[in-house]
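The structure displayed is predicted, hence computed values, not measured ones. Note on naming: letters A, B, ... go to the chains in the order of the sequence lines (proteins, then strands), and numbering restarts at 1 for each one.
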Protein chains: 2
Amino acid sequence: MAKRTETPGRLDDAARAGWLYYVAGRTQDEIASTMGISRQSAQRLVSLAVAERLIKVRLDHPIAACLELGYELREKFDLKHVEIVPSDPGASSTTVGIAEAAAAEIERWLRRPDPIVLAIGTGRTLKAAVDQLPTIECPNHRIVSLTGNITPDGSAAYYNVIFSMADAVKARHFPMPLPVLASSAEERELLHGQQLVRSTLKISAQADVTFVGIGELGTDGPLCVDGFLAKDEMIELMREGAVGEICGWIFDGNGKLLDNPINERVASAPIPSRETSTVIGIAKGKRKFQAIRAAVVGRQVNALITDEEAAEFLLNA
Amino acid sequence: MAKRTETPGRLDDAARAGWLYYVAGRTQDEIASTMGISRQSAQRLVSLAVAERLIKVRLDHPIAACLELGYELREKFDLKHVEIVPSDPGASSTTVGIAEAAAAEIERWLRRPDPIVLAIGTGRTLKAAVDQLPTIECPNHRIVSLTGNITPDGSAAYYNVIFSMADAVKARHFPMPLPVLASSAEERELLHGQQLVRSTLKISAQADVTFVGIGELGTDGPLCVDGFLAKDEMIELMREGAVGEICGWIFDGNGKLLDNPINERVASAPIPSRETSTVIGIAKGKRKFQAIRAAVVGRQVNALITDEEAAEFLLNA
DNA sequence: TCCTCTGGTGAGTAATTGCTCATGGGCAAA
DNA sequence: TTTGCCCATGAGCAATTACTCACCAGAGGA
């Protein structure tokens, strides 16, 4: 709140100093001498001009809107990191743009000198992101997959991204030698009891950063298309309120994991702690709006890479 | 001139860094670590953002002294609009400050919802102002150049600002496909008789608002430097009493257009009516004092954007 | 193929800016 | 008038930013 008793001329001086500093580009020393005051006073006037919002800065570039949205999202949902890429209204692709952004973010983590554990989920978006990665040598890091790499028919899952990642990144990789869905809760326990799986699960729990795609449900969503769930199972799930999934873990509109037989069969590692690590959800596109919102409000993720369109939805929803 | 070949992502990065620095108020160190680059690179991106004019700074406070001067000028010379910016005693630039103010004024006009015709002259000051414009969409407005865009040597005139304007502002633009000076009065008539030119001239006569630079004469003034007039022609003109020019139209100390062969060759459109529209002159600097005074007293303009120094001269002259 | 040139990088350093603290003047209340 | 408070001031110092230099990688031409 501006002081009522503010000397009337003082704001004027602040404006003048701010003008000389920001518009005319003089140093505070020069301002001090032309205004006949000490350097410190000039500094104070300049910062007063800023504090009183006399100085308006704006950025004339499309990115500005994205940064703005990102900032608001970070505040609203208490996220650790948000990245918004411009929407391309015409494009129907669910990966263009965010794949590059996600790749850049993955790369930033991998370039860290201190050893980290990077966990990674699955899905088309992540695959596209990983395909954007340059070759990097980072022998200190460990990369672990959260999801199994065996499909119901026994073949390797195409969208299991850890192998694509291994092509580009020279680091120790830990795939998950499991199907995505076990046939029963008991089978899952059995599988998770295996020595190899247990150690991989243990590593995944230590992840410093996790990249996951956020999947929408629906009979033409990835879980159905890729044959993990039958159509009637999907319909039943949606009737129970399910709106999205991460690594196979199905959650409702509030982002709570569903308490139902499917989730008991999910063989993926649990999503690493959102308390102690960064879990970055990656998704865009109208069909995923509800899933993204649920994942964020239910704190299945604590960081987000998405596009303008989805960001606006999240802010207004 | 910005490199066309600028790596496309680089300006994006610069914008991002600039936003983080100026809008979000982060330090360059923080920016460096969030963007995964070195501190020096972050600094470079920030300064690139400034250099490429992605960052627009504006002072949103009427400085009392300037307001006062503006009011007195408006009264004394019966002007429709006066804007005074602070003087920077040290600076030799003839554009710093008024360019931003002029850009703000142009923007105010362009943001009007009802369709207007905005006419624009030429010159370094106007160019600098237009470079400050953000991108605006205003399909309802028409923007017309008063001066030709062809130099004596046949190349496009650099300081013909309508093309810079077209980069920033999405509106219908009407350049003037003429030289600045015709070789003779007859040639001018011939040129002005062309259909295309006639329709452009007609639009310019309907201008709701006009922005023109006020040029000083002198052998190192713009008309000579840019090669429109030879030195001896200039000397002759000055002996006849010429002190300034607007769009090439040369006037004497009382602001009366000179009745001489040069003015008969000026191919620019006439300055739109000061009775029915707003014609804003933009100029500052000691060398232009006489030209500004003449333009104002002779009512070649009926509005003014200048600086404190010139305003004081006008009040005391 | 080699050379050159452009443009980017990191390091080091100088310049500039921001912060804290002790001081003192002005003003209102006692 | 005196007291006490507020806040502007200047100094010194820490943090931050800008600049220069030497070097490197890739593009393009001889």
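- Remark: P of C/dC19 and CG of A/Leu45 are 15 Å apart, rounded to the nearest angstrom.
- A straight line from CD of A/Glu30 to C1' of C/dA15 spans 12 Å, rounded to a whole angstrom.
- In this structure, A/Arg16 pairs ionically with B/Glu308, as a charged nitrogen and a carboxylate oxygen lie closer than 4.0 Å.
- Spacing between atom CZ of A/Arg26 and atom C1' of C/dT17 amounts to 17 Å, rounded to whole angstrom units.
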**Item:** B/Ile143/B/Met165 under side chain to side chain contact (heavy atoms under 4.5 Å, CB included): CA gap, chis, key distance, verdict
**Value:** CA-CA 9 Å; B/Ile143 299 175; B/Met165 190 120 179; 3.8 Å; yes
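- For B/Phe289, the ring-ring contact (aromatic ring centres under 6.0 Å, His included) test picks out B/Phe313, with sequence neighbours left out.
- Dashed line: the shortest gap from a side-chain N or O of B/Gln43 to OP1 or OP2 of D/dA18 is under 4.0 Å.
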**Prompt:** For nucleotides 9-16 of chain D, read 5' to 3', which letter fits each nucleotide if B means a protein heavy atom sits under 4.0 Å from the base, S means only the sugar-phosphate is that close, and - means neither?
**Reply:** BBB-----
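- In summary, the side chains of A/Asn302 and A/His81 do not present any donor paired with an acceptor at a separation below 3.5 Å, with no hydrogens or angles considered.
- Between B/Tyr22 atom OH and C/dT17 atom C1' the separation is 13 Å, expressed in whole Å.
- Listed by first then second residue, pairs satisfying side-chain hydrogen bond (donor to acceptor under 3.5 Å, both in side chains) with a partner in residues 66-76 of chain A number zero, not counting sequence neighbours.
- Ion pairing between a basic and an acidic side chain is recognised when a charged N comes within 4.0 Å of a carboxylate O; B/Lys284 and B/Glu312 show no such pairing.
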